[in-house]
There are 2 protein chains.
Amino acid sequence: MEADPEPRWLEPDERETWMSLAALLMRLPGALDAQLQRDAALTHFEYLVLSGLSMAPERTMRMSDLAVAAEGSLPRLSQVVSRLEKRGWVRRFPDPADGRVTLAVLTDEGYAKVVAAAPGHVEAVRQLVFDPLTKPQRRQLREIARRIMGAVDPGGHCPPSA
Amino acid sequence: MEADPEPRWLEPDERETWMSLAALLMRLPGALDAQLQRDAALTHFEYLVLSGLSMAPERTMRMSDLAVAAEGSLPRLSQVVSRLEKRGWVRRFPDPADGRVTLAVLTDEGYAKVVAAAPGHVEAVRQLVFDPLTKPQRRQLREIARRIMGAVDPGGHCPPSA
DNA sequence: GACATTCTGTTGCAGCGTGAAGTGAATTCG
DNA sequence: CGAATTCACTTCACGCTGCAACAGAATGTC
């Protein structure tokens with residue numbers, strides 16, 4: 001419990017890197033949420049859910065799969081889908097093939113909503129993330145994010161390099 | 001409102017980059033919080049506050065400056081400091097020189113707490129962020145994070161390259 | 001010197017997320 | 001078969017965060 005007088009501290013430049021990344025983790029989600037909230041009255045997570053459904057075959061997904069696709073927990077998804085259902089953008093019904101499973105479908109209104117919200121969101125992502133970077137940096141960022149995700153979620157579905 | 005039939009969509013590889021980064025934004029904070037919560041019963045933001053104070057002269061800071069240093073809002077900081085005060089790690093008193101200002105001081109117990117929590121946290125940052133990356137990637141990450149922060153917070157204190 | 005404005009920090013309220021318990025369906029095993 | 005376990009999802013209680021309204025202190029203006 002006290003055997004390491006000097007653990008592996010960060011080098012000064014690593015410390016700077018980490019501070020910048022920490023700042024990014026604190027601020028970027030808020031900035032993204034702000035744009036979606038202002039222009040579409042949508043949370044980033046809500047957007048991910050609608051967007052995920054819109055790209056699925058039949059615009060339908062099992063709740064569990066949708067939770068994984070949106071990088072969120074199942075309870076969180078359950079509540080968010082409840083909200084989206086109240087707003088008429090998603091409907092839920094039990095899977096005929098397995099009574100335990102709930103299937104979520106994007107309604108036409110929901111699809112229209114994603115289509116309306118997407119350009120503004122994409123534009124925000126561009127402005128905040130891609131525009132400030134050089135081409136090589138954009139390429140590096142993909143690899144960097146994948147590798148970090150590999151460490152965060154070892155059983156994940158983001159192959160480090162493939 | 002509907003003049004752009006084709007806004008600047010993301011290229012396929014940009015889309016992949018963004019999905020990986022989005023996943024990182026969703027998961028990395030949780031992973032960091034989990035370690036601190038488990039090993040030190042501390043939020044990442046609480047840790048940033050204590051850590052910020054521990055590095056300040058006299059281990060003392062104005063609330064506003066502390067909020068900026070920890071990348072959080074003032075109301076958020078106010079409540080967090082209240083909690084930390086109840087736990088005996090921070091004390092608050094009005095600035096004698098300006099009655100509007102509140103000064104926050106790290107107590108000896110608070111300092112001991114940071115010192116105890118730091119190695120585990122640093123180790124987690126290493127494992128999750130730095131270990132998976134190559135040296136050039138670590139260098140790139142600093143520049144990438146700075147540039148994105150420059151776009152997120154134009155008035156920020158993170159010069160793009162200096 | 002008195003009033004309005006600005007600055008600093010706190011408080012109240014509403015919304016969101018997490019983790020634990022609860023419900024009901026399907027599977028496994030005796 | 002029937003009971004226990006596992007699985008998919010929902011619900012509940014709690015804590016945290018952001019925003020807006022608020023209170024107190026300092027500054028500027030006439």
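Each chain gets a letter, A, B and so on, in the order the sequences are listed, and its residues count up from 1.
Ionic pairing of B/Arg146 and A/Glu16 is present here: one or more N-O contacts between side-chain nitrogen and carboxylate oxygen are shorter than 4.0 angstrom. Using a 4.0 Å cut-off between charged side-chain N and carboxylate O, A/Glu14 and B/Arg126 make a salt bridge. A salt bridge does not link B/Arg139 to B/Glu143: none of the charged side-chain nitrogens sits closer than 4.0 Å to a carboxylate oxygen. Checked for salt-bridge contact, B/Asp98 and B/Arg62 miss the test: no charged N lies under 4.0 Å from a carboxylate O. A salt bridge links B/Arg59 to B/Asp108: one of the charged nitrogens lies within less than 4.0 Å of a carboxylate oxygen. Between B/Arg91 and B/Glu85, no side-chain nitrogen of the basic residue sits less than 4.0 Å from a carboxylate oxygen of the acidic one, so the salt-bridge criterion is not met.
If you measure from atom CZ of A/Arg62 to atom C1' of D/dT10, you get 16 Å, rounded to the nearest angstrom. As rounded to whole Å, 11 Å separates atom P of C/dT10 from atom CG of B/Leu66. The nearest whole Å value for the distance from the CZ atom in A/Phe93 to the C1' atom in D/dA8 is 15 Å. The distance from atom CE of B/Met63 to atom P of D/dA25 is 17 Å, rounded to the nearest whole Å. In this entry the distance linking CD of A/Glu85 with C1' of D/dT10 reads 12 Å, nearest Å. At whole-Å resolution of the value, CG in B/Leu74 and C1' in D/dC22 are 14 Å apart. In this structure, A/Arg92 atom CZ and D/dA8 atom C1' are separated by 12 Å, rounded to whole Å. Computed from coordinates, the B/His44 NE2 to D/dG15 P distance equals 22 Å when rounded to whole Å.
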Heteroatom pairs (N/O) under 3.5 angstrom, protein to nucleotides 26-29 of chain C:
| unit_1 | atom_1 | unit_2 | atom_2 | d |
| --- | --- | --- | --- | --- |
| C/dA26 | OP1 | A/Gly99 | N | 2.7 |

Under-3.5 Å N/O pairs linking protein and nucleotides 16-18 of chain C:
| unit_1 | atom_1 | unit_2 | atom_2 | d |
| --- | --- | --- | --- | --- |
| C/dG17 | OP1 | A/Arg76 | NE | 3.1 |
| C/dG17 | OP1 | A/Arg76 | NH2 | 2.6 |
| C/dG17 | OP2 | A/Arg83 | NH2 | 3.4 |

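Proximity of a side-chain donor or acceptor of B/Thr60 to a complementary backbone N or O of B/Ala56 within less than 3.5 Å is not detected.
Checked against ring-ring contact (aromatic ring centres under 6.0 Å, His included), B/His121 has the following partners two or more places apart in sequence or in another chain: B/His44, B/Tyr47.
A cation-pi contact, defined as under 6.0 Å to the ring centre and within 45° of the axis, links A/Arg76 to A/Phe45.
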